[in-house]
2 protein chains.
Amino acid sequence: MAVTIKDVAKKANVSPSTVSHVIADHSRISLDTKKRVRRAMKELGYHPNVNARSLAGRSTQAIGVIMPPSSETGFQNSFFSEVLRGVGSLAHEAGYSLYVSTGGDEQQSFEEVKRMVYGSHVDGIILLYSRVSDPVVDFLVTTHFPFILVGKPYINESKITYVDNDNVAASKDITNHLIDLGHQYIGFIGGSTDLVVTVDRLQGYQQAIKLANLPTFPDYIVHAEFLNSGGRKTVKRLFSLEMPPTALVIADDIMSFGVINMLEEIGISCPEDISITGFNNLYLSEITRPLLTTVDIQIFNLGVQAAKCLIEKTKDKEEPAKRIIVPHEIIYRNSTKALLKRV
Amino acid sequence: MAVTIKDVAKKANVSPSTVSHVIADHSRISLDTKKRVRRAMKELGYHPNVNARSLAGRSTQAIGVIMPPSSETGFQNSFFSEVLRGVGSLAHEAGYSLYVSTGGDEQQSFEEVKRMVYGSHVDGIILLYSRVSDPVVDFLVTTHFPFILVGKPYINESKITYVDNDNVAASKDITNHLIDLGHQYIGFIGGSTDLVVTVDRLQGYQQAIKLANLPTFPDYIVHAEFLNSGGRKTVKRLFSLEMPPTALVIADDIMSFGVINMLEEIGISCPEDISITGFNNLYLSEITRPLLTTVDIQIFNLGVQAAKCLIEKTKDKEEPAKRIIVPHEIIYRNSTKALLKRV
DNA sequence: GTGAAAGCGCTAACAA
DNA sequence: TTGTTAGCGCTTTCAC
């Protein structure tokens, strides 16, 4: 059996409650006693039992992190592990532990959230994704359980604290970059339309196109969740249009990259024949050829901010709903090019 | 305050301990009582408090997962999130929760492990990496805390339960594939030599080369942890050798991919001028151009097996040290090509 | 400043 | 078959 507070108390010739006070660094304990107790702890190798703590106190010092049901992530894996690192980094600093649910299917996710909430497993929850409709969010809202969304809520925006980029603006910015380069026929390729991030990036693209009075074609907007078979066809169809795009705004680096390769197969090369942009600034985008012009969204920082917010929130339940916007930055590289003339 | 076992007991007109027995589905409780109690639980919306359970019982029903200190992972992010998913999938099935440490630096990792162990946070730990020398492993061994290594232990192999691929064989296999294609000048590019997996893959490569009586050059073996600046130079130097390789065994898909692009820059193209193989069969390798010939190591399954092993181990502490080898498979694609003649 | 005592919600002997 | 009774290790009034 592990060494307990009682053992320490005995060794230091104080009562268990005194030891507890020392742990909490209570101010009414004399420095002398503190020293004595701390020495005893060291010598005995004392470590508090977290379960007992959470049971007696009411805080678990743990936060739950929910990754999306895997069906929807597609290729975004490295995004999630990077946010997770951000969360973990701040959590560690603040002495919090991380409980994670890796998703699985939707039902499994929901079960794990319930388990965390009802079981008093965690003090709060961070959702690493935001969907157009999500029972988990509804559940968290109605139970008034502290949680943070990484991404923008689809509904209840004013009631939910969330950390996000301004994806609409970011998408607008990068579309404008393409427009500035002289492109007029610009397409958009996004992932699942269930994800709010896709919706936002699409919207930013559309705003930019509209503002510039560029022609719009319904066929210019495609959603390819995976780049195999089905996705490939959809994308290739874009280029059998009468007026194929000369530039493409794509909502994810990995997708951009897949599309670049796909197009190469049919003799369209980037950036000579087409300009392509990405999102996320993954490590990948630094080693592709061409180097990808993309939007850096500070993934790690997104996680850090979310954790910070959540911890504040668990400390003060009355903390109002906040919105944290992590700035984005366009990274100009080689996958975009000025359009000289329309061939 | 949440509803407790006592509330349920009152409502069902039984004692708290009876409720507890019902939860454990104890056989000595009459079916009638069980039904009554269960109904009461439903009606009241009862959910057991995990902390109280872990405190009273001795099992936390949680497993700790340690991701590597981030400095060493380089680009392997998607590997880790995939193993994590595997672990999570089985853990969920078995009713276990996941505690994760996301690494940070080495010291932070160690602290979190100690926290998990000493704080009775988890019943066992899964380490997602194996290094040549790791204080965490030493700690876990000496404290006799149940743990599983994903990867091969560098020392104490017989005392540690681990889940791994046969990386030596896998690397040998893929090297042989190159040899079969007629290549004689084959180089190796690996990641950090601190990682056992790198050591193993290098060894497999060397064995194959030796067995085939091919020429060996010290310069043919390079370790590039990152593909920017330093890494690029090292790799490019390979091709200023008198006798540059015609094929390359690379220890990670992302690296392979980076190298392919890097070489393209200096006019060497794959597979025409050089054959290149990868490891891991990431999603990425299906969308690169050329499609990557690589080794599928069943990442998800690695996680599943690790979780299964660990859970068995926590149930029976006397479980002997085991070794689980997850089979690998070479995925033949387009980045390798028969060598017709040496130019 | 320090300690006694109650109790957090649950499990697990042991009684009945 | 069910209930009684101790704790698990800790926090936290409230006395002293």
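For the numbers below, each heavy atom of this structure counts, side chains included, while hydrogens, waters and symmetry mates do not. Small disclaimer: the values here were computed from a predicted structure and weren't measured. So that the names make sense, note that chain A is the first sequence line, chain B the second, and so on, each numbered from 1.
- Listed nucleotides C:dC10, D:dC10, D:dT12 differ in distance to A:Asn49; the shortest reach to its side chain belongs to D:dC10.
- A sub-4.0 Å separation between OP1 or OP2 of D:dG9 and a side-chain N or O of A:Arg53 is absent.
- One side chain, B:Thr18 or B:Ser15, offers a donor N or O that lies under 3.5 Å from an acceptor on the other.
- Applying the ring pair (Phe, Tyr, Trp, His ring centres under 6.0 Å) criterion to B:His92, with sequence neighbours excluded, gives no partner residue.
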Show me, pair by pair, the donor-acceptor contacts under 3.5 angstrom made by side chains of residues 144-152 of chain A, not counting sequence neighbours?
unit_1, atom_1, unit_2, atom_2, d
A:Lys152, NZ, A:Asp200, OD1, 3.3
A:Lys152, NZ, A:Asp200, OD2, 3.4

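- Taking atom CG of residue B:Leu55 and atom P of nucleotide C:dC10, one finds them 12 Å apart after rounding to whole Å.
- For the segment residues 20-32 of chain A, residues with any heavy atom less than 4.0 angstrom from an atom of DNA chain C are, sorted by number, A:His21, A:Arg28, A:Ile29, A:Ser30.
- Taking 4.5 Å as the limit, some side-chain heavy atom of A:Pro68 sits within range of a side-chain heavy atom of A:Phe80.
- Annotation for A:Tyr154: atom OH does not count as buried by contact number, only 12 or fewer foreign heavy atoms lying within 6.0 Å.
- Look at CD1 on B:Ile5: it is 11 Å from P on C:dA12, rounded to the nearest Å.
- Separating the NZ atom of B:Lys6 from the P atom of D:dG3 is a distance of 15 Å, rounded to the nearest angstrom.
- Straight-line distance from the NZ atom of A:Lys10 to the P atom of D:dC10: 13 Å, rounded to whole Å.
- Distances shown here put a side-chain N or O of A:Tyr46 below 4.0 Å from the OP1 or OP2 atom of D:dC10.
- Between the side chains of B:Glu112 and B:Gln108, no donor-acceptor pair is found at a separation under 3.5 Å.
- A:Tyr99 and B:Tyr99 have tilted rings, their planes meeting at an angle from 30° to 60° on a 0 to 90° scale.
- Dashed line: the shortest gap from a side-chain N or O of A:Ser15 to OP1 or OP2 of C:dG3 is under 4.0 Å.
- Within the structure, a side-chain polar atom (N or O) of A:Thr33 is placed less than 4.0 Å from OP1 or OP2 of C:dT2.
- To the nearest angstrom, C1' of C:dG3 lies 13 Å from CZ of A:Arg36.
- A donor-acceptor contact under 3.5 angstrom links the side-chain atoms of B:Ser17 to the base of D:dT4.
- A cation-pi arrangement is found for B:Lys114 relative to B:Phe110, the charged atom lying closer than 6.0 Å to the ring centre and inside a 45° cone about the ring normal.
- Between B:Gln61 atom CD and C:dC10 atom C1' the separation is 14 Å, expressed in whole Å.
- Applying the side chain to side chain contact (heavy atoms under 4.5 Å, CB included) test to B:Asn301 and every residue at least two apart in sequence or in another chain returns B:Gln298, B:Val304, B:Gln305, B:Val326.
- Atom NZ of B:Lys34 is separated from atom P of D:dT2 by 10 Å (rounded to the nearest Å).
- Axis angle, first five pairs versus last five pairs of the helix from C:dG1-D:dC16 to C:dA16-D:dT1: 40°, rounded to 10°.
- Among the atoms of the strands shown, only primed sugar atoms or phosphate atoms (P, OP1, OP2) are found under 4.0 Å from some heavy atom of B:Val14.
- B:Phe300 meets the ring pair (Phe, Tyr, Trp, His ring centres under 6.0 Å) test with no other residue; sequence neighbours excluded.
- In this model, the phosphate group of D:dT11 is not approached by any side-chain N or O of A:Arg58 to a distance below 4.0 Å at OP1 or OP2.
- The CG atom of A:Asn51 sits 12 Å away from the C1' atom of C:dC8 (whole-angstrom rounding).
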